[in-house]
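Everything on this sheet refers to the single structure shown next.
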Amino acid sequence: MVFKRTSIFFMVVIMSFAAVFTVVPSQSDVQASGQYESLERKINTIMADSSMKSLDASVTVRKASTGEIIFEANADRKVTPASTLKLLTSAAALETLGEEYQFTTDVLTDGSIAKGVLNGNLYLRGQGDPTLMKRDLDQFAATLSKLGVKKITGDLVGDDSWFDSERLSPGIDKSDETFYYAAQISGLTLSPNTDYDAGTVIVNAIPTKKGYKAKVTMTPDTGIITIINKSKTVSKGSKNTLSIKRQHGTNNIVITGNAPLGSGGKKEWVTVSNPTAYTLDVFKKALSEKGITFTKPSKVTRREAPQQAKVLASRQSMPLKKLMKPFMKLSNNTHAETLAKTMGKRVYGEGSWNAGLRVMREFGQAIGLQTSEWKFEDASGMSHNNKVTSAQLTELLFLARQAPWYGSFVQGLPVSGMNDRFVGGTLKNRLKGASVKGKIIAKTGSLNQVSSLAGYVETGNGETLIFSVLTHGKKTNALPAIDRIATVIATTPIN
């Protein structure tokens with residue numbers, strides 16, 4: 001029932017789309033196909049290059065106006081999509097949750113306030129909001145202060161029950177866990193800055209005096225992290241060998257290597273083990289800064305808030321349509337996995353990957369995608385086991401143009417060569433030539449041995465085309481060839 005509106009809306013599109021390929025071509029149609037010969041010849045030349053011949057590649061180009069395929073090379077070959085899988089995640093989220101969807105975070109109590117004392121427990125309850133920051137926790141603390149709270153007799157409790165307790169998707173390897181792109185997913189989490197890399201802290205190590213350790217700071221400051229500083233400040237001009245990594249299974253962050261004088265040191269976004277405890281710790285500090293303390297028996301813990309608990313303060317995130325920019329332009333894996341669990345919670349009452357990915361598959365089926373051609377075990381594209389064809393990705397992009405949420409969808413995609421990172425995103429430093437800058441709006445994908453690009457292109461004569469290039473192969477950098485294909489599509493006139 002969730003996809004009833006979508007199914008009806010897209011059924012007309014699908015029937016029209018299918019009709020394009022069931023009509024027997026007339027002589028004029030055959031002659032018209034010659035208009036694509038130049039594009040086909042140019043792309044085939046790139047595909048024949050040694051850098052592409054050694055790869056598993058799948059390429060499809062369609063007309064945006066009709067969905068007609070005007071070029072294909074191994075269009076039905078299944079290739080690991082990497083982050084181009086987020087095209088499906090974002091479309092499913094916009095349809096399932098709605099463009100105006102907001103995450104809610106509440107502060108509650110099961111007690112009462114009298115003479116400056118909150119007699120009871122204080123709960124912080126989350127819905128997985130990836131945009132929650134320290135400043136929001138500061139505002140919660142300010143609200144409690146205005147209510148007259150100076151002391152709390154009960155516990156500080158984190159309620160992260162909106163999602164299940166599984167925090168890492170199947171595609172995350174042990175070696176990935178320290179890095180921001182592999183942050184743990186929790187119903188209660190915190191972001192260190194407005195990129196909204198939820199579940200991470202920013203660790204900065206800068207040189208001090210020669211022979212001394214680098215100075216280390218964290219944003220936000222949190223007591224659940226233990227810094228093990230093995231770094232050393234060395235002479236100006238020496239090689240910067242600083243490394244900042246979290247030890248697996250712990251909240252110990254180890255800093256090693258040399259910090260040359262005169263250098264900027266090193267800054268890393270490091271994941272936190274147990275984002276719920278992290279958020280609670282920063283919240284407790286925010287309360288302390290407002291003069292709000294806990295009595296000695298109080299502890300910081302995790303459990304579900306009782307139904308009768310009273311809401312003292314609440315915050316709603318930016319709407320989903322606005323979140324699309326940091327999510328898609330910066331290719332934020334945490335946002336993708338959070339949205340998957342949120343979809344599962346909305347449709348099946350279960351904030352899990354199983355439920356969320358089921359919603360994504362049902363969405364694809366409802367709009368007419370061939371779900372047998374899609375295999376995915378996460379929502380971000382991190383897993384090498386994910387597979388899809390370029391034909392299916394371009395069909396999704398074609399169908400998305402007919403959707404009422406298309407404006408929110410497309411404004412989240414990176415734009416070729418644009419310097420503003422919230423415009424250019426992951427295409428900020430690619431396709432910067434005058435003939436293509438600003439004309440390619442597409443989602444990038446990158447994993448070890450995997451490169452992909454899929455989106456929309458405005459051609460030299462004003463035609464909009466849809467394209468997808470998926471590649472997988474060893475010891476070959478496919479990005480130059482992918483960008484050449486995108487450039488050819490953008491600069492070859494199509495009538």
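For reference, positions follow the sequence shown, starting with 1.
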Does a sphere of radius 6.0 Å around [atom1] in [X] hold more than 12 heavy atoms from other residues, nucleotides or ligands, not counting ones at 6.0 Å or beyond?
X      : atom1 : result
Lys322 : NZ    : no
Arg361 : CZ    : yes
Lys387 : NZ    : yes

**Item:** Arg358 NZ/CZ over Phe363 ring centroid, <6.0 Å and within 45° of normal
**Value:**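 No, Arg358 and Phe363 do not form such a contact.
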
**Geometric cation-pi criterion, Lys341 with Trp353: 6.0 Å, 45°** =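 So Lys341 does make the cation-pi contact.
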
**Item:** Non-neighbouring partners of Ser90 that pass side chain to side chain contact (heavy atoms under 4.5 Å, CB included), sequence neighbours left out
**Value:**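 Listed in chain order: Met324, Phe327, Met328, Phe409.
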
Donor-acceptor pair, side chain of [X] and main chain of [Y], under 3.5 angstrom:
X      : Y      : answer
Asp159 : Ala305 : yes
Lys329 : Leu413 : yes
Asp155 : Val157 : no

**Item:** ring-ring contact (aromatic ring centres under 6.0 Å, His included) pairs, two or more places apart, involving residues 178-197
**Value:**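 Qualifying pairs, neighbours excluded: Phe179-Tyr181.
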
Any side-chain heavy atom of [X] within less than 4.5 Å of one from [Y]?
X      : Y      : result
Glu395 : Ser390 : no
Arg167 : Thr276 : yes
Thr444 : Thr84  : no
Thr250 : Thr226 : no

**Item:** Side-chain H-bond candidate by donor/acceptor type, Asn333 with Lys86, under 3.5 Å
**Value:**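 Short answer, yes.
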
**Distance-only side-chain donor-acceptor flag, Lys345 / Thr342, under 3.5 Å** =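 Note: Lys345 and Thr342 side chains miss the donor-acceptor criterion.
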
**Asked** If you take all heavy atoms of Met360 and Ala379, which pair is closest and at what distance?
**Response**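 Answer, listing the atom of Met360 first, then Ala379: SD-CB, 4.0 Å.
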
**Request:** Over all heavy atoms of both residues, which pair between Tyr123 and Thr109 is shortest? Give the atoms and the distance, please.
**Result:**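 Nearest heavy atoms, Tyr123 then Thr109: CD1-CA, 4.3 Å.
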
**Asked** How are the rings of Tyr406 and Tyr456 set to each other: parallel, tilted or perpendicular (split at 30° and 60°)?
**Response**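 Rings of Tyr406 and Tyr456: perpendicular, as their planes differ by over 60°.
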
**Request:** Working to the nearest 0.5 Å, report the span between CG of Asp197 and CG of Leu190.
**Result:**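 It is 12.0 Å, given to the nearest 0.5 Å.
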
**Asked** Once you round to the nearest 0.5 Å, how far does NZ of Lys437 lie from OG of Ser416?
**Response**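 Atom-to-atom, Lys437:NZ and Ser416:OG are 9.0 Å apart.
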
**Request:** Take Ser314 and Asp106 through the test side-chain hydrogen bond (donor to acceptor under 3.5 Å, both in side chains) and record every step on the way to the result.
**Result:** CA-CA 4 Å; Ser314 187; Asp106 294 322; 2.6 Å; yes

**Request:** Go through the structure and list residues passing ring-ring contact (aromatic ring centres under 6.0 Å, His included) with Phe422, not counting sequence neighbours.
**Result:**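 Here no residue qualifies.
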
